[in-house]
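Below you'll find the structure, written out as structure tokens, and then a few comments.
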Number of protein chains: 2
Amino acid sequence: MYNCPVELTVEVMGGKWKSRILWHINKKPYRYGELRKLIPNITQKMLTQALRELEEDGLIVRKVFEGNVLKVEYSLTEYGQTTTPLLELMSQWGKNHKHRIDRLKAEENKVEIHTINKK
Amino acid sequence: MYNCPVELTVEVMGGKWKSRILWHINKKPYRYGELRKLIPNITQKMLTQALRELEEDGLIVRKVFEGNVLKVEYSLTEYGQTTTPLLELMSQWGKNHKHRIDRLKAEENKVEIHTINKK
DNA sequence: CGGAATCCAGGACGATACTG
DNA sequence: CAGTATCGTCCTGGATTCCG
């Protein structure tokens with residue numbers, strides 16, 4: 001199952017939400033509600049699930065502060081910080097890829113206009 | 001959808017097989033059948049599907065060589081080669097994570113033995 | 001050899017309602 | 001505020017069969 005280290009990485013940090021959560025927490029600790037606002041489309045279920053899995057994998061810590069109002073804060077563990085360079089590189093590559101997509105789409109449109117003008 | 005570049009990267013290179021395919025093709029071009037042998041558990045369907053998507057994203061090229069026997073070769077495009085550093089880093093992180101898992105498991109066993117001896 | 005087509009199971013993901 | 005619990009959907013990935 002784990003013959004491929006790359007796949008193991010995808011398992012831990014892949015999925016629809018984990019990378020984005022790590023990306024935020026990377027900067028500073030966040031509360032549960034804050035994360036919900038930062039990642040608008042996520043449901044409570046998926047956020048909770050992702051947080052639990054990241055915690056289980058030792059990448060983040062859950063800290064509960066008791067008070068009049070309940071406060072829970074999530075932050076990167078020391079080990080979790082090893083993901084930062086990786087996320088950085090993934091983010092760079094993603095941005096570059098986005099540019100590529102946009103450029104290709106623009107060229108496509110130019111061709112279409114060209115074709116239309118020819119008619 | 002694409003507000004997060006990291007997620008875009010996951011979409012392009014994530015999934016169960018793509019990273020492994022890229023990982024192989026990275027070294028040298030391979031034929032369809034060779035890839036099936038290199039990635040034993042993959043089905044034709046998933047291999048074909050992954051190859052098509054990688055091709056569509058501009059990361060790999062499909063070259064057909066007509067002959068007595070049909071021969072199809074897949075290789076990285078120039079753009080596809082930009083994934084190499086990323087895959088390298090993901091592989092490193094995955095290896096390290098594997099070590100961590102194994103170490104933690106070993107410690108767990110020590111505790112168990114310790115507990116048993118105490119009984 | 002290198003696929004395509006079809007059918008299907010399981011798990012990821014989501015919507016909604018409720019809780020300490 | 002920070003979650004659980006339940007139910008439903010969709011989509012990935014797999015088994016099998018067939019094709020140029």
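Just so it is clear: chains get the letters A, B, ... in the order the sequence lines come, proteins before strands, and each one is counted from 1.
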Looking only at non-hydrogen atoms, find the nearest pair between [X] and [Y] and report the distance.
X       : Y       : value
B:Val64 : B:Arg62 : CG2-NH1, 3.6 Å
A:Leu76 : A:Asn26 : CD1-CA, 3.8 Å
B:Met90 : A:Thr9  : O-OG1, 2.8 Å

Original post:
For A:Arg31, which contact category applies under a 4.0 Å heavy-atom criterion: base, sugar-phosphate, or nothing?
Top reply: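 Sugar-phosphate only.
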Original post:
Counting any heavy atom closer than 4.0 Å, what does B:Val69 reach on the DNA or RNA strands: base, sugar-phosphate only, or nothing?
Top reply: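 If one applies the 4.0 Å heavy-atom cut-off, B:Val69 turns out to touch nothing in the nucleic acid.
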Original post:
Heavy atoms, side chains only, cut-off 4.5 Å: are A:His97 and B:Thr82 in contact?
Top reply: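 Heavy-atom side-chain distance check fails, nothing below 4.5 Å.
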Original post:
Heavy-atom distance under 4.5 Å between the side chains of B:Leu51 and B:Leu35, does that happen here?
Top reply: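 Yes; the side chains approach each other to less than 4.5 Å.
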**OP:** Work out how much the helix from C:dC1-D:dG20 to C:dG20-D:dC1 bends between its end axes, five pairs an end, to the nearest 10 degrees.
**Re:**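 Angle reported: 50°, given to the nearest ten degrees.
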Original post:
If you find the nucleotide of DNA chain C closest to A:Trp17 and the one closest to B:Val72, which residue's nucleotide is nearer the 5' end?
Top reply: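 Result: B:Val72.
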Original post:
Which two nucleotides bound the region of DNA chain C that has atoms under 4.0 Å from heavy atoms of chain B, read 5' to 3'?
Top reply: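 Reading along DNA chain C, I get C:dC1 to C:dC7.
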Original post:
Is a side-chain donor or acceptor of A:Tyr32 paired with a backbone partner of A:Gln44 at a separation under 3.5 angstrom?
Top reply: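 Such a contact is found between A:Tyr32 side chain and A:Gln44 backbone.
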Original post:
Hey, can you pull the residues of residues 43-67 of chain B with a non-hydrogen atom under 4.0 angstrom from DNA chain C?
Top reply: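 Nucleic-acid contacts, sorted: B:Gln44, B:Lys45, B:Thr48, B:Arg52, B:Arg62.
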Original post:
Is atom NZ of B:Lys28 surrounded by more than 12 heavy atoms (other residues, nucleotides or ligands) closer than 6.0 Å?
Top reply: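 Atom NZ in B:Lys28 is crowded, with more than 12 foreign heavy atoms closer than 6.0 Å.
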Original post:
When you look at NZ of A:Lys27, are more than 12 heavy atoms from neighbouring residues, nucleotides or ligands closer to it than 6.0 Å?
Top reply: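 Above 12, so yes.
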**OP:** Calculate, to the nearest 0.5 Å, the distance between atoms CD1 and OH belonging to A:Ile25 and A:Tyr74 respectively.
**Re:**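 These two atoms lie 8.5 Å from each other.
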**OP:** Give, for atom NE2 of B:His99 and atom CG of B:Leu104, the distance between the pair rounded to the nearest 0.5 Å.
**Re:**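 B:His99 atom NE2 to B:Leu104 atom CG measures 12.5 Å (nearest 0.5 Å).
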Subject >> Aromatic A:Phe65 / basic A:Lys63 pairing, under 6.0 angstrom, 45° off normal >> reply: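 Judged by the rule (NZ or CZ under 6.0 Å from the ring centre, within 45° of its axis), A:Lys63 is not positioned above A:Phe65.
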Subject >> Covered region of DNA chain D, 5' end to 3' end, by chain B [heavy atoms, under 4.0 Å] >> reply: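 Counting from the 5' end, contacts occupy D:dG13 to D:dA15.
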Subject >> For A:Glu53, all residues meeting side-chain hydrogen bond (donor to acceptor under 3.5 Å, both in side chains), sequence neighbours excluded >> reply: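 By the side-chain hydrogen bond (donor to acceptor under 3.5 Å, both in side chains) rule, A:Glu53 matches A:Lys18.
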Original post:
Which residues satisfy the salt bridge (charged side-chain N to carboxylate O under 4.0 Å, His left out) test with A:Glu34, sequence neighbours excluded?
Top reply: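 In terms of salt bridge (charged side-chain N to carboxylate O under 4.0 Å, His left out), with neighbours along the sequence ignored, A:Glu34 is linked to no residue.
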